[in-house]
Amino acid sequence: MNLHDLHKTTTSFAKTERMPVLFVGHGSPMNALEDNAFTRRMQQLGQEIRRRQLPQAILVVSAHWLTRGTFAGLNEQPETIHDFGGFPQELFAMQYPAPGAPTFAQSIIEHVQGVHGSHDWGLDHGTWTILHHLFPAADIPVFQLSLDATKSMQQHYDLARQLRFLRDRGVLIIGSGNVVHNLRQSMPKLMLGDATPYDWAIEFDEWVKARLNQRDFASLVNYQQLSGASGQLAVPTTDHYLPLLYSLGLADKDEDITHTFEEVSYGGLSMRTFVAG
């Protein structure tokens with residue numbers, strides 16, 4: 001398919017009922033194998049979305065595809081990427097054989113200035129470990145959008161605003177990261193099997209929830225200036241926080257936000273998950 005054909009295809013996508021937007025706290029890759037409260041809730045959520053409207057495609061903005069520049073995945077059959085180490089062989093053997101969605105990816109490239117195409121990435125664990133539970137049949141086309149590590153918080157949020165047209169074309173968009181993600185502080189507790197959260201982790205997670213409930217997206221974009229010491233501990237690096245900004249940018253200020261899963265465990269890891277719309 002040449003670019004002319006792609007353009008004709010993407011501009012002719014039929015309008016649909018507006019799709020919801022998700023933010024999923026994906027946590028450990030082991031969630032792909034485990035039967036726990038989080039994975040069971042993801043299974044229920046996937047069924048709820050199917051009953052409401054079957055997505056034409058799924059776009060995931062994952063914490064694990066960091067680039068210089070912004071890229072949309074054009075692969076027709078994206079690879080299942082096992083971008084981790086030290087886990088059981090059963091996890092490395094898992095595959096998520098969903099087809100790609102190059103026509104939808106091309107529509108972003110044409111619609112949003114500065115987004116480029118890429119065949120160099122597939123589906124990383126921020127994507128397939130949650131989709132394994134949300135849509136286990138792997139029958140919906142999936143593609144990813146990378147996170148440009150050179151962009152500011154505001155630039156990421158503004159880019160997400162330009163992707164809203166996809167919601168009216170049957171695309172389910174998921175930001176996949178973690179509101180609180182401090183592995184250095186969490187690992188000692190994890191090794192001891194101690195799931196007790198730190199006070200600062202609960203404080204920041206609740207601060208984010210309150211801003212979401214108030215639709216105070218500006219404060220979440222500028223969390224580094226407004227959240228105090230808890231924010232510095234909760235977000236030692238921005239990679240897992242940035243997908244939150246995409247879910248915010250895609251949401252309308254008057255849309256319902258439903259917190260579908262809430263948990264802070266192993267010291268400093270928030271599994272907060274919500275649906276907008």
Side-chain angles (χ1 to χ4, degrees), residues 1-3 5-24 26 42-43 45-65 70-81 95-112 115-147 159-177 243 246-247 249-252 273 275-277:
M1 181 178 288
N2 59 38
L3 288 179
D5 292 334
L6 278 169
H7 178 73
K8 287 196 301 183
T9 301
T10 56
T11 54
S12 65
F13 288 142
K15 291 198 73 171
T16 65
E17 178 186 343
R18 173 160 281 204
M19 294 296 298
V21 174
L22 275 59
F23 176 79
V24 178
H26 65 248
M42 292 303 98
Q43 292 162 14
L45 181 57
Q47 293 167 7
E48 291 166 8
I49 292 170
R50 274 187 179 272
R51 285 195 294 269
R52 173 174 167 174
Q53 180 183 185
L54 182 67
Q56 299 298 305
I58 300 169
L59 168 60
V60 182
V61 182
S62 165
H64 296 281
W65 192 15
T70 304
F71 297 88
L74 289 169
N75 294 318
E76 293 186 3
Q77 294 293 328
E79 173 190 3
T80 302
I81 302 173
Q95 297 291 313
Y96 191 79
T103 53
F104 281 105
Q106 185 63 39
S107 73
I108 296 177
I109 295 165
E110 294 178 356
H111 187 85
V112 183
V115 178
H116 309 282
S118 173
H119 292 88
D120 295 335
W121 200 251
L123 306 179
D124 60 52
H125 82 265
T127 295
W128 64 265
T129 62
I130 60 172
L131 293 183
H132 171 71
H133 296 292
L134 286 166
F135 303 104
D139 57 346
I140 301 172
V142 182
F143 67 115
Q144 290 193 209
L145 185 74
S146 75
L147 293 168
L159 191 157
R161 300 294 288 170
Q162 298 180 68
L163 301 174
R164 286 180 294 168
F165 74 98
L166 291 169
R167 295 185 60 190
D168 298 319
R169 297 296 186 273
V171 180
L172 175 67
I173 307 178
I174 305 174
S176 177
Y246 283 79
S247 298
L250 285 153
D252 292 330
T273 296
V275 179

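Below, all heavy atoms of this structure are taken into account, side chains as well, without hydrogens, waters or symmetry copies. The first residue of the sequence shown is numbered 1, and numbering continues consecutively from there.
Proximity of Phe135 to Ile58: side-chain heavy atoms (C-beta onward) are separated by under 4.5 Å at one or more points. For the pair Leu22 and Ile49, the minimum side-chain heavy-atom distance is below 4.5 Å. Put simply, the side chain of Pro97 does not reach to within 4.5 Å of the side chain of Thr80, judged on heavy atoms. The side-chain heavy atoms of Trp65 and Ser118, taken from C-beta on, include a pair separated by under 4.5 Å. No side-chain heavy atom of Val24 sits less than 4.5 Å from a side-chain heavy atom of Leu45. Residues Val112 and Thr70 form no side-chain contact, since every pair of their non-hydrogen atoms from C-beta on lies 4.5 Å or further apart.
Using cut-offs of 30° and 60° for the angle between ring planes, the His64 and His26 rings count as tilted.
The main-chain N or O of Ala251 is found under 3.5 Å from a side-chain atom of Arg161 such that the two form a donor-acceptor pair. With Trp128 contributing its side chain and Gln95 its backbone, the two residues share no donor-acceptor pair below 3.5 Å.
Between Ile174 atom CD1 and Ser62 atom OG the span is 10.5 Å, to the nearest 0.5 Å. For the atom pair Gln43 CD and His133 NE2, the distance stands at 6.0 Å (nearest 0.5 Å). Remark: Asp124 CG to Tyr96 OH distance equals 13.5 Å, nearest 0.5 Å. Ser176 OG to Leu131 CG: the interatomic distance, rounded to the nearest 0.5 Å, is 8.5 Å.
Remark: His132 pairs with no residue by the side-chain hydrogen bond (donor to acceptor under 3.5 Å, both in side chains) rule, at least two apart or across chains. Not counting sequence neighbours, Gln162 has no partner by the side-chain hydrogen bond (donor to acceptor under 3.5 Å, both in side chains) test.
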Going through the distances and angles, do Phe143 and Ile108 end up as a side-chain contact (heavy atoms from CB on, under 4.5 Å)? CA-CA 11 Å; Phe143 67 115; Ile108 296 177; 3.6 Å; yes
Is there a side-chain contact (heavy atoms from CB on, under 4.5 Å) between Glu17 and Arg52 once you walk through the steps? CA-CA 9 Å; Glu17 178 186 343; Arg52 173 174 167 174; 3.9 Å; yes
Check the pair Ile173, Leu145 against side-chain contact (heavy atoms from CB on, under 4.5 Å), reporting the backbone distance first and the verdict last. CA-CA 10 Å; Ile173 307 178; Leu145 185 74; over 6 Å; no
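Minimum heavy-atom separation, Arg18 to Arg164: NH2-O, 4.3 Å. Of all the heavy atoms in Pro102 and Asn75, the pair that sits closest is CD-O, 4.1 Å. Residue Gln53 comes nearest to Met19 through the heavy atom pair NE2-SD, 3.3 Å, listed as atom of the first residue, atom of the second, then distance. Here the closest non-hydrogen pair linking Gly73 and Ala105 is O-CB, 3.2 Å. Contact detail for Ile140 and Pro55: the closest heavy-atom pair is CG2-O, 3.7 Å.
For residues 131-146, the salt bridge (Lys or Arg N to Asp or Glu O under 4.0 Å) pairs, not counting sequence neighbours, are Arg50-Asp139.
Between Phe104 and the options Val142, Leu74, Leu166, a side chain to side chain contact (heavy atoms under 4.5 Å, CB included) holds for only Leu166. Of the options Leu59, Leu159, Val60, Val21, a side chain to side chain contact (heavy atoms under 4.5 Å, CB included) to Tyr246 is made by Leu159 and by none of the others.
Side-chain contact annotation: Gln144 with Thr127, donor-acceptor N/O pair under 3.5 Å present.
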